[in-house]
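We name chains A, B, ... by the order of the sequence lines, and we start the count at 1 in each one.
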2 protein chains.
Amino acid sequence: MTVTIKDVAAHAGVSTKTVSRVMNGEQHVRTHVREAVMRVVGELGYRPNAYARSLSSARSYLIALFFDDPASGYATAMQRGALMRCRERHYHLLVQPLDLASATWVDELTETAQSLRLDGAILAPPLSQNGALLAKLTALQIPFVCISPADTGRAAFGSVEIDEERAAYDMTARLIALGHRDIGFIEGDRAHASSAKRRAGFVAAMAAAGLAVDERHMLRGDFSFRSGLEAGEALLAMRPRPSAIFASNDDMALGVSVAALKHHVAVPADLAIAGFDDAATARLAWPPITTIRQPVSEMGAAAVDILIDPGYRANMAAAEYRRRLGYDLVARDSTGEGAETA
Amino acid sequence: MTVTIKDVAAHAGVSTKTVSRVMNGEQHVRTHVREAVMRVVGELGYRPNAYARSLSSARSYLIALFFDDPASGYATAMQRGALMRCRERHYHLLVQPLDLASATWVDELTETAQSLRLDGAILAPPLSQNGALLAKLTALQIPFVCISPADTGRAAFGSVEIDEERAAYDMTARLIALGHRDIGFIEGDRAHASSAKRRAGFVAAMAAAGLAVDERHMLRGDFSFRSGLEAGEALLAMRPRPSAIFASNDDMALGVSVAALKHHVAVPADLAIAGFDDAATARLAWPPITTIRQPVSEMGAAAVDILIDPGYRANMAAAEYRRRLGYDLVARDSTGEGAETA
DNA sequence: GTCCCGATAGACATCGATGTCAGAAATATT
DNA sequence: AATATTTCTGACATCGATGTCTATCGGGAC
């Protein structure tokens, strides 16, 4: 049979309650008692039953990570970071896809939340920008943290993000520094708050350099490879055509690079390409794509940290729970300055 | 407060045990009682508390999915399928990375297994081929199912796989049918049982067509993009050089396609390329890569089915628990026959 | 009409931990 | 030394479900 708290209590000659105190690191246990209990725990190989614990304490030690599209590299990187931190803190992580377009998402969420009594939820974009979802979680009394939410300013919840506008500004400035004057821009899916931020960064950088933005060179995409391919072909067909294209994410940048291949436009000689996200595909492209690296894993870990903080539940709006992490501009060959070459 | 089984029992005018019977679909409940209870459940929005359930029934309704590399597209596709099936069956899925190279994996596994009392585990390759891991799970008395295990023949556990050898055979035969006589082959990581199977299929198909396999045209890779790129460049530098290259997975096939781009070899005119797995990258490449599609999601779902089967725990070796699913050969432009064109 | 049997339903104990509260021991105060 | 205060510890109820066992119900066989 498995070892229960009673066995430990019996062997150590104390009550189960005292064993419980030791296991949870509570105070009011004399040092030698604590040590004796610990020794017995070690000898017997006792592991608390998570279910009994959750049932009586009303805590689940469970955090859920919700995704719109769990297949993306972004999702898995975040999952990795969150999982690592959960393990360190003796929590468990449940990864759940959540399709807001489906008719049943409210039910699915409620089901998970109520039957599992989640201790917290992490929302990956674009879920983090969905008002109905945030409201539902609030109603269910589940603390949550948003990754890259719509507006951080007056948010009443914790968040983890990078300064996407500034990152886009930096990337644009880099292209300008490389001598580009006419830069095409491919916007992302408007459902993502990131799209507007990245666009704003691009526009600001152009303005700061005193360059006019040719409206016809700003196309709308939806973050997909295909939309990048189409926008890329459209931009390449224009006269004059831009000497550089900044796509709002790497999948679209890859689309642009394929468009260039199809139309025999040399990259980076005749066209520079920049992306955003540092997706796996950016490194696999030819030439490899210059991009912005978000510390996605760290963001996942940071979200777990916030949720586990004992004070979070009571005061989700505190400023200390709004974290901004750094990012890197990764220069590769698609802009002709590859330090990293495949 | 949340709704408990007592509330439902009170409203329906029956005992909690009867509600429990209804919730679990047990027999010995008259139809009108069952309906009355269901109605109350609906009205009150009752959801059983998973912890109380697990505590009293000694079942956890939890299945763990273990991965070596949770970041791969393969992993997420499998996760999606398993998750879907779990949800249908009111189980929960825990996704856990497991690094067999680390010193602590035994502890991590034991911890998860014992504190959570897993009802079952799914092992993705190459974990499914690790003897020590299988032994440990057996010792912990956790039923498990292996995805693509090393040898199915006399295995004492359930498994889900496709006939990889035959799939590789089919792909090779297809290349031969397209007129290729000198076909290069890039083998996968030898730590994966799949590598040998795919290779065997290639060799068998060549033999069946009466074609000699040029040993120098069979290179070893490790399933990575880089190894594909290197092997591709090596093959392209050879004289005579193969007119087609069959890489053991899509990442390596993408490497070959990049090698072709670098060396200005036209695909598919001067070189046909085939991959295996139908990874996302295969569709994003230019031209899109012909490949074998494994029904990875369905495989995940099938694994859950096996684990949930009431008879599985008692007789893991039964033949019915060894499932072989079908696969598709997806023809794309990299072999010049793209029905699917980007 | 009685007896028997399977189907149905409920009472009660139980799973393994933690919360509450009161009593015992140790320490501080006068 | 007696009392007040604080620090420990354990008895017991409790969390919300299911397992076991027994009682009741209804219908068919005799």
Side-chain angles (χ1 to χ4, degrees), chain A residues 1-38 40-41 44-62 90 92 111 113-119 310, chain B residues 1-38 40-41 44-62 90-92 111 113-117 119 310:
Chain A
M1 301 309 300
T2 48
V3 181
T4 73
I5 196 171
K6 282 189 181 174
D7 302 320
V8 178
H11 280 255
V14 298
S15 72
T16 59
K17 180 66 216 191
T18 298
V19 176
S20 167
R21 288 199 177 91
V22 173
M23 292 306 290
N24 292 287
E26 292 173 21
Q27 45 185 11
H28 303 312
V29 180
R30 271 175 306 176
T31 312
H32 72 272
V33 174
R34 165 166 276 123
E35 284 167 355
V37 171
M38 292 295 258
V40 175
V41 166
L44 267 45
Y46 166 67
R47 321 246 177 189
N49 179 315
Y51 303 105
R53 220 160 110 127
S54 303
L55 181 57
S56 61
S57 69
R59 311 193 54 188
S60 64
Y61 299 92
L62 241 193
H90 297 288
H92 294 283
E111 157 72 24
Q114 303 221 327
S115 78
L116 258 32
R117 314 279 147 106
L118 295 179
D119 275 357
Chain B
M1 298 316 301
T2 48
V3 181
T4 74
I5 196 170
K6 282 189 183 175
D7 302 319
V8 177
H11 281 256
V14 298
S15 73
T16 59
K17 180 66 214 191
T18 298
V19 176
S20 168
R21 286 197 179 94
V22 172
M23 292 305 290
N24 291 287
E26 292 174 22
Q27 45 185 12
H28 303 313
V29 180
R30 269 176 307 178
T31 312
H32 75 271
V33 174
R34 165 165 275 121
E35 282 167 356
V37 170
M38 291 297 258
V40 175
V41 165
L44 267 47
Y46 165 66
R47 322 255 173 184
N49 179 313
Y51 303 106
R53 224 153 98 111
S54 303
L55 181 57
S56 64
S57 69
R59 313 192 55 189
S60 65
Y61 299 92
L62 239 194
H90 297 287
Y91 269 65
H92 293 282
E111 158 69 24
Q114 305 222 327
S115 79
L116 259 31
R117 313 278 149 106
D119 275 356

Atom [atom1] of [X] to atom [atom2] of [N]: distance rounded to whole Å?
X: A/Leu116; N: D/dG16; atom1: CG; atom2: P; result: 15 Å
X: B/Gln27; N: C/dA9; atom1: CD; atom2: P; result: 12 Å
X: A/Ile5; N: C/dT14; atom1: CD1; atom2: P; result: 19 Å
X: A/His32; N: C/dA25; atom1: NE2; atom2: P; result: 13 Å
X: A/Lys17; N: D/dT14; atom1: NZ; atom2: P; result: 15 Å
X: A/His28; N: C/dC21; atom1: NE2; atom2: P; result: 15 Å
X: A/Arg117; N: D/dG16; atom1: CZ; atom2: P; result: 7 Å
X: B/Asp7; N: D/dA17; atom1: CG; atom2: C1'; result: 13 Å

From the set [options], return the single nucleotide nearest to any side-chain atom of [X].
X: A/Ala52; options: C/dA17, D/dG19, D/dC8; value: C/dA17
X: B/Val14; options: C/dG10, D/dC8, C/dG19; value: C/dG10
X: A/Ser56; options: C/dA17, D/dA17, C/dA9; value: C/dA17
X: B/Leu55; options: D/dG16, C/dT18, D/dT20; value: D/dG16

Side-chain donor/acceptor of B/Arg21 to base of C/dG10, under 3.5 Å: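 Yes, the side chain and the base share a sub-3.5 Å donor-acceptor pair.
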Between the base of C/dG16 and the side chain of A/Lys6, is one N or O donor paired with an acceptor at under 3.5 angstrom?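 Absent.
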Using heavy-atom distances to pick each residue's nearest nucleotide on DNA chain C, tell me which of A/Glu26 and A/Tyr51 is more 5'.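 First, find each residue's nearest nucleotide; the 5'-ward one identifies A/Tyr51.
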Check A/Val29 against A/Arg34 and note the closest heavy-atom contact, atom names and distance.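 Heavy atoms of A/Val29 and A/Arg34 come nearest at O-NH1, 3.5 Å.
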OG1-OH distance between B/Thr4 and B/Tyr46, expressed to the nearest 0.5 angstrom: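 B/Thr4 OG1 to B/Tyr46 OH: 7.0 Å, rounded to 0.5 Å.
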Straight-line distance of B/Thr18 OG1 to B/His28 NE2, nearest 0.5 Å: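 Taking OG1 in B/Thr18 and NE2 in B/His28, the distance rounds to 12.0 Å.
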Ignoring backbone atoms, test whether [X] places a side-chain nitrogen or oxygen under 4.0 Å from the OP1 or OP2 oxygen of [N].
X: B/Thr18; N: C/dG10; answer: yes
X: B/Thr4; N: D/dG16; answer: no
X: B/Ser15; N: C/dG10; answer: yes
X: B/Asn49; N: D/dC15; answer: no

Regarding [X], tell me which of base, sugar-phosphate or nothing describes its non-hydrogen contacts under 4.0 Å with the strands shown.
X: B/Val19; result: nothing
X: A/Tyr46; result: sugar-phosphate
X: B/Arg47; result: sugar-phosphate

Please answer whether the main-chain N or O of A/Arg117 pairs with a side-chain N or O of A/Ser60 as donor and acceptor at a distance below 3.5 Å.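 Answer holds: yes.
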Using modelled atom types only, decide if a donor and an acceptor are shared between the side chain of A/Tyr51 and the backbone of B/Ala52 within a distance under 3.5 Å.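 Side chain of A/Tyr51 to backbone of B/Ala52: no pair is present.
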Are A/Thr31 and A/Glu35 close enough that some pair of their side-chain heavy atoms sits under 4.5 Å apart?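 In short, these two side chains touch, coming nearer than 4.5 Å.
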